[in-house]
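Below is one structure, written out as structure tokens; comments come after it.
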Amino acid sequence: MKNNKISGAEAVIRCLLAEGVDLVYGYPGGAIMPVYDELYKFQDQLHHVLVRHEQGATHAAQGYARATGKVGVAIATSGPGATNLVTGIADAQIDSTPMVCITGQVGKHLLGSDAFQETDIIGISTPVTKWNYQVTEAHEIPEIIAKAFFIARSGRPGPVLIDITKNAQFDELDFSYEKCTSIRSYTPRPTLNLEKVKEAADLINNAKKPYIVFGQGIILGQAEEQLKALVEKSGIPAAWTILGLSALPTDHPLNVGMLGMHGNYGPNVLTNECDILIALGMRFDDRVTGNLATYAKQAKVIHFEIDPAEIDKNVKTTVAVLADVKEALTALLPLIESKTHDSWHNEFKEKYKIELEAVINEELAPTNNRGISMGETIEMINKHSNGDAIMVSDVGQHQMFTCRYSKFNTTKSNITSGGLGTMGFALPAAIGAKMGMPDREVVAIIGDGGFQMTIQELGTIFQTKVPVKIVVLNNEFLGMVRQWQQLFFDKRYASTEMINPNFIAIAEGYYIKSKKVTKREELDAAVAEMMASKDSYFLEVMVEKENNVFPMIPTGASVSDIRLN
């Protein structure tokens, strides 16, 4: 671009446009007002979505990023505006979501004076950002924003925060923009060691009971085709973490199911019977491993990972392949021998039969005069979505039921808060996902507790007319906490029963078409009507008050000690 004098605020907008940004989420205020003034002038090129709370801006940006693979952008003012972003930033950090947050700040001359709405957002956000920076001079803006986008999207993605003082927004600079492609001392993409790949291949080819566990790294690294090719050529059963879900179609014959605390019976138990454990783009989170002292001790572990900090952090590896997972799997594939491992697969099938009889059949088709279950509601959505919807779940029992029973044909279809477990995530995240992927159906699955944490974002849906489908599974409890209280605290339901408002009246107050289901025979038609709607739709399903998610690995227990009831 030609050099020309413009304000720092205009430079912010021009930088975003140069990075290909066409959609931002935010909430205006005094310290960011110059940027909003420029947004007004550029509204035909850069669409701004006014959320109802800054936390909603970050979650919407996360949903957009997770659905599209692009960088999400959120904007807020200083002080409380900036601090309201922090929960979403922390969520994005632990779930490796690329996001750039831009906050306004008091003028440079007021820094440190406890001025109105001054907060040290750099200090506050340092532990939960991949990088942050405070801009105090207008001329810094292009270089810093370029760095922000490069850091957010490269290597293991994550959130970046840029805090811009008000004087830097008003002052002028000679504007030119150059995208950042490298930063000294920052190596986002490690150099692939082909010897390590060969070591991994030798172990895999000689294994009797090899086992693949894959996480969100497959999706972030765009390695879905390589994963599918690997499992099909090697014949190795593959299980997923909740953020890895949808990287491999759920009905693929080599997809054996979900790992972790509420995962499938076979994938958990057989972790402690495999001889080679191949971890692809996952970080051995405690919800996946259970007690580390008893986790896969019999197995040789191969870890494909882009972040060196994750290697040997929780689980000691036999071979660590530090690399971009797509590049590494592409190199691995020609070295892998074609096999079937039929007898090993049969062990997973036998374990599945046990779980089917003990848990799944009763959850998906309840008997004994039970009320509507969460699982059968998800199954009904599967029926009407044909596995093509993006499912955005909040946090709690409904999240586990959604991950356990949703059907997916396409990657980037399961969006949820994994590592941080943020209640209130789903409603704004679904807004972002639908805006990012307008041609796909987006269904938010939310509990009655989490729904009320960001319920105000119904106003964003009303104002933008974004056609999100919202399903509240209402058990009138903080269900997951209640389940733990039932199982481990002698049914002392301390502060978990919810006295809820009339959700239908609230949704209709925002002019969103709504329906409440209280009887099983109403469910099919209601879900069909919701999925057929061209507009946003709110469906409240009254589910069993004390239904539990099983299987379950108690905290501190081994994956072998998974409970079926």
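As the structure is a computational prediction, the values presented were derived from the model and not from experiment. Scope of the values below: all heavy atoms of this structure, side chains included, with no hydrogens, waters or symmetry mates.
Atom CD of E357 has 12 or fewer neighbouring heavy atoms from other residues, nucleotides or ligands inside a 6.0 Å radius. A 6.0 Å sphere centred on NZ of K300 holds no more than 12 heavy atoms belonging to other residues, nucleotides or ligands. In K313, the NZ atom is crowded: over 12 heavy atoms of neighbouring residues, nucleotides or ligands sit closer than 6.0 Å. Within 6.0 Å of the CD atom in Q222, the count of heavy atoms belonging to other residues, nucleotides or ligands does not exceed 12. Counting heavy atoms of neighbouring residues, nucleotides and ligands inside a 6.0 Å radius, atom CG of N565 does not exceed 12 of them.
Of all heavy-atom pairs between C274 and K209, the closest is CB-O, 3.2 Å. Heavy atoms only, all atoms of each residue included: V128 and I89 are closest at O-CG2, 3.2 Å. In this structure, M99 and A92 approach most closely via the heavy-atom pair CE-CB, 3.7 Å. T422 approaches D394 most closely through the heavy-atom pair O-OD2, 4.1 Å. Taking all atoms of both residues into account, the shortest heavy-atom contact from H384 to A528 is CE1-CB, 3.4 Å. Closest of all the heavy-atom pairs between M423 and L478 is CE-CD2, 4.1 Å.
Remark: E232 engages K228, H252 in a side chain to side chain donor-acceptor pair (under 3.5 Å) (not counting sequence neighbours). With sequence neighbours excluded, the residues that form a side chain to side chain donor-acceptor pair (under 3.5 Å) with T496 are Q485. Listed by chain and residue number, nothing satisfies the ring-ring contact (aromatic ring centres under 6.0 Å, His included) test with F401 (two or more places apart in sequence, or in another chain).
Between T555 and W484 there is a side-chain heavy-atom pair separated by less than 4.5 Å. Between P237 and I212 the shortest side-chain heavy-atom distance does not fall below 4.5 Å. Between I381 and M391 there is a side-chain heavy-atom pair separated by less than 4.5 Å. Counting only heavy atoms from C-beta outward, the side chains of Y493 and E546 approach each other to under 4.5 Å. A 4.5 Å side-chain heavy-atom check between M380 and D524 finds at least one atom pair inside the cut-off. Between D202 and E199, the closest side-chain pair of non-hydrogen atoms is not below 4.5 Å. E363 has its side chain within reach of N547: a pair of non-hydrogen atoms, C-beta onward, lies under 4.5 Å apart. Residues R287 and I242 have side chains not in contact (no heavy-atom distance under 4.5 Å, counting atoms from C-beta outward).
A donor-acceptor contact shorter than 3.5 Å is absent between the side chain of N475 and the backbone of V543. No donor-acceptor distance shorter than 3.5 angstrom exists from the side chain of T416 to the backbone of V392, with no hydrogens or angles considered. Under a 3.5 Å cut-off, the side chain of N382 and the backbone N or O of K407 do form a donor-acceptor pair. Not a single donor-acceptor pair under 3.5 Å links the side chain of R66 to the backbone N or O of K412. The backbone N or O of G424 lies less than 3.5 Å from a partner atom in the side chain of T454, making a donor-acceptor pair.
Rounded to the nearest 0.5 Å, atoms OG1 (T241) and CE (M282) are 6.5 Å apart. To the nearest 0.5 Å, atoms CG (L227) and NZ (K326) are separated by 12.5 Å. One distance of note links CG of N474 with CD of E540; it measures 5.0 Å at 0.5 Å rounding. Note: E224 CD to T410 OG1 = 10.5 Å, rounded to the nearest 0.5 Å. To the nearest 0.5 Å, atom OH of residue Y211 and atom CG of residue L277 are 8.0 Å apart. For the atom pair S154 OG and R189 CZ, the distance stands at 11.0 Å (nearest 0.5 Å).
Side-chain contact annotation: D95 with Q216, donor-acceptor N/O pair under 3.5 Å absent. At a cut-off of 3.5 Å, with distance as the only test, no side-chain donor of S393 or T402 sits close to an acceptor on the other residue. Counted by atom type alone, D312 and H303 present zero donor-acceptor pairs between their side chains at under 3.5 Å. Side-chain polar atoms of S417 and D91 form a donor-acceptor pair below 3.5 angstrom.
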_Derivation of the side-chain contact (heavy atoms from CB on, under 4.5 Å) call for I218 and T411_ = CA-CA 10 Å; I218 294 293; T411 189; over 6 Å; no
*Apply the test side-chain hydrogen bond (donor to acceptor under 3.5 Å, both in side chains) to residues T367 and E362: give CA-CA distance (whole Å), side-chain angles for both, the deciding distance (0.1 Å), then the verdict.*
CA-CA 7 Å; T367 56; E362 180 62 19; 2.8 Å; yes
*Given R283 and I94, is the side-chain contact (heavy atoms from CB on, under 4.5 Å) satisfied, shown in steps?*
CA-CA 10 Å; R283 59 190 180 87; I94 201 164; 3.9 Å; yes
*Apply side-chain hydrogen bond (donor to acceptor under 3.5 Å, both in side chains) to Y537 and E529, showing your working.*
CA-CA 9 Å; Y537 194 106; E529 181 180 310; 2.8 Å; yes
_Check against side-chain contact (heavy atoms from CB on, under 4.5 Å), R482 and N548_ = CA-CA 9 Å; R482 185 214 55 76; N548 290 332; 2.5 Å; yes
*Dump the intermediate steps for side-chain contact (heavy atoms from CB on, under 4.5 Å) on L292 and F284, then the final yes or no.*
CA-CA 9 Å; L292 282 168; F284 291 110; 5.6 Å; no
